[in-house]
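Heads up, the thing below is written out as structure tokens.
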There are 2 protein chains.
Amino acid sequence: MARSPLTEPRKHAAQKRSRATVDALIEATARILVTEGFEKASTNRIAETAGVSIGSLYQYFPGKEALVAAVIDRHHQEVMQVVRTALAEVASQPLEKAVRKLVAVAIEAHRIDPKLHRVLTEQIPRTGRLENVEAFNREALALFRNYLEQHRDEVRVADLDLAAFLCATAIEAVAHTAVLYRSDELTDAAFAALVDEATRLVVGYLK
Amino acid sequence: MARSPLTEPRKHAAQKRSRATVDALIEATARILVTEGFEKASTNRIAETAGVSIGSLYQYFPGKEALVAAVIDRHHQEVMQVVRTALAEVASQPLEKAVRKLVAVAIEAHRIDPKLHRVLTEQIPRTGRLENVEAFNREALALFRNYLEQHRDEVRVADLDLAAFLCATAIEAVAHTAVLYRSDELTDAAFAALVDEATRLVVGYLK
DNA sequence: GTAGAATATGAGCGATGACTCGCATTTGGT
DNA sequence: ACCAAATGCGAGTCATCGCTCATATTCTAC
């Protein structure tokens, strides 16, 4: 079975009006995901919410999956921007200061759009082109590993890869769980305590 | 809108033949989830795979969600059994020995049925009665916290709740990620190194 | 101003899936 | 042996969903 040769695999870039259409569709998808959940996010509903016809939707996206993927992408861009900036800032700072900052940033990153983040992690079946939702964690891990390498003299661990994996995984999980499931308990004081302790956890291990 | 008053909310226990039917249905659901994924797990398909008619399916389960919930429950029972046993075994042991054991057990627990665990965490939309998929982590957390309380003299932390949260979250995440995404790299040697280092991470922090 | 390309529209098709209901079969008690 | 309850059956209903296509509108360039 060959691909449908009739209608071109719809994609096309935009010439202006269409840009707005595409944006509206992505935005609508994100809105529905947050307010109604993944199950309610049908293509018809997305088009309707975006104020666009289904026909137009399919002119720019091959299907629902692509819409959701676009939303995920957008969110990841925002998150990774924060993470990259933080790691650049911290590149020349000593271990403890750096780790403290990174922990704080991890929490901040999860706070960018917690509701969307939650839907993305809890309701999106990681299938097809959505399998790689966690792939961006790999980039964060690589960046962190790189920092450790630059500061090898400050760290006392046998295996850098393993250490980076442990620390990055721990930090991500703590930030994730705290923001998504303990946001109510997360006052400013609690936030500070959490950062303090998570920093101790990681720094104590690294040296 | 009241509940449908006509047909009783189907549930009923069993009288023997039906027990087998129910088991077959749960087993079929698990099998399909693992081999085909959540999307393919339609009620019709489940019934067919179980060698049972759809009518019978709906006699014991109000819907697809309930089937999946049953599978999740079964899996959680197995996992929690392992965790509970380990924590009992470890109750009177000193910190380092205890933590080492718990780390190893966390990994083992994730290895009980990795494929199912993966589908459960990645493909099941946490919605409706499936929202609480992570709820059992709370029990594990409580058990661990309890251990720490019994060994308060061995631990040097200001806030026990916070410490338990950090350690339990970190251990779970490390075990989860290692088993699900690094299983290929997880030779016996790597396993030992992982346990060593994770233990150092946690113990170093706690005292 | 006009042609043709780009963009937008939405009724409707085909597929699938959750679920019902009337009826058949089995079981256990007597 | 018999019957009422329990269990099992599966064709068929209804709703929804993803997606197409023939047509209409708008834009751009000349």
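Lettering of chains follows the sequences in order, A, B, ..., and the numbering in each one begins at 1.
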Between [atom2] of [N] and [atom1] of [X], the distance in whole Å:
X: B:Glu65; N: C:dA18; atom1: CD; atom2: C1'; result: 12 Å
X: A:Ile54; N: C:dG10; atom1: CD1; atom2: C1'; result: 5 Å
X: B:Leu57; N: C:dG17; atom1: CG; atom2: C1'; result: 13 Å
X: A:Leu25; N: C:dT9; atom1: CG; atom2: C1'; result: 13 Å
X: A:Arg19; N: C:dA8; atom1: CZ; atom2: P; result: 12 Å
X: B:Tyr60; N: D:dA6; atom1: OH; atom2: P; result: 11 Å
X: B:Glu48; N: C:dA18; atom1: CD; atom2: P; result: 13 Å

Side-chain contact, heavy-atom cut-off 4.5 Å: B:His176 with B:Thr121?
-> yes

Check: B:Val157 and B:Leu166 side chains under 4.5 Å, non-hydrogen atoms | no

Who passes salt bridge (charged side-chain N to carboxylate O under 4.0 Å, His left out) against [X], sequence neighbours left out?
X: B:Arg74; value: B:Glu27
X: A:Glu131; value: none
X: A:Glu149; value: A:Arg145
X: A:Lys101; value: A:Glu89

How would you list all residue pairs meeting salt bridge (Lys or Arg N to Asp or Glu O under 4.0 Å) that involve residues 167-176 of chain A, not counting sequence neighbours?
-> none

In chain order, what residues pass the side chain to side chain donor-acceptor pair (under 3.5 Å) check against B:Glu65, with sequence neighbours excluded?
-> B:Arg129

Residue-level proximity of residues 29-46 of chain B to DNA chain D when a heavy atom falls under 4.0 Å = none

Can you find a side chain N or O atom of [X] that sits less than 4.0 Å from OP1 or OP2 on [N]?
X: A:Ser53; N: C:dT9; result: yes
X: A:Thr21; N: C:dA8; result: yes
X: A:Ser56; N: C:dT9; result: yes

Ranking A:Gly55 and B:Lys64 by the position along DNA chain C of their nearest nucleotide, the one closer to 5' is A:Gly55

Scan residues 122-130 of chain B against DNA chain C and write down, sorted by residue number, each residue with any heavy atom closer than 4.0 Å; if none is found, say none.
-> none

Pair listing, side chain to side chain donor-acceptor pair (under 3.5 Å) test, anchored in [range], at least two apart:
range: residues 182-196 of chain B; answer: B:Arg100-B:Asp196
range: residues 31-40 of chain B; answer: B:Glu36-B:Arg45
range: residues 78-87 of chain A; answer: A:Gln81-A:Arg84, A:Arg84-A:Glu139

Could you say whether B:Val52 or A:Gly63 is positioned toward the 5' end of DNA chain D, judged by the nucleotide with the nearest heavy atom to each?
-> B:Val52

Polar-atom pairs under 3.5 Å, protein N or O versus N or O of nucleotides 22-28 of chain C: list them with distances, or write none.
none

Rounded to the nearest 0.5 Å, what's the gap from CZ on B:Phe165 to OH on A:Tyr181? Could you check?
-> 11.0 Å

Options C:dA8, C:dA18, D:dT7, nucleotide nearest the side-chain atoms of B:Ser18 | D:dT7

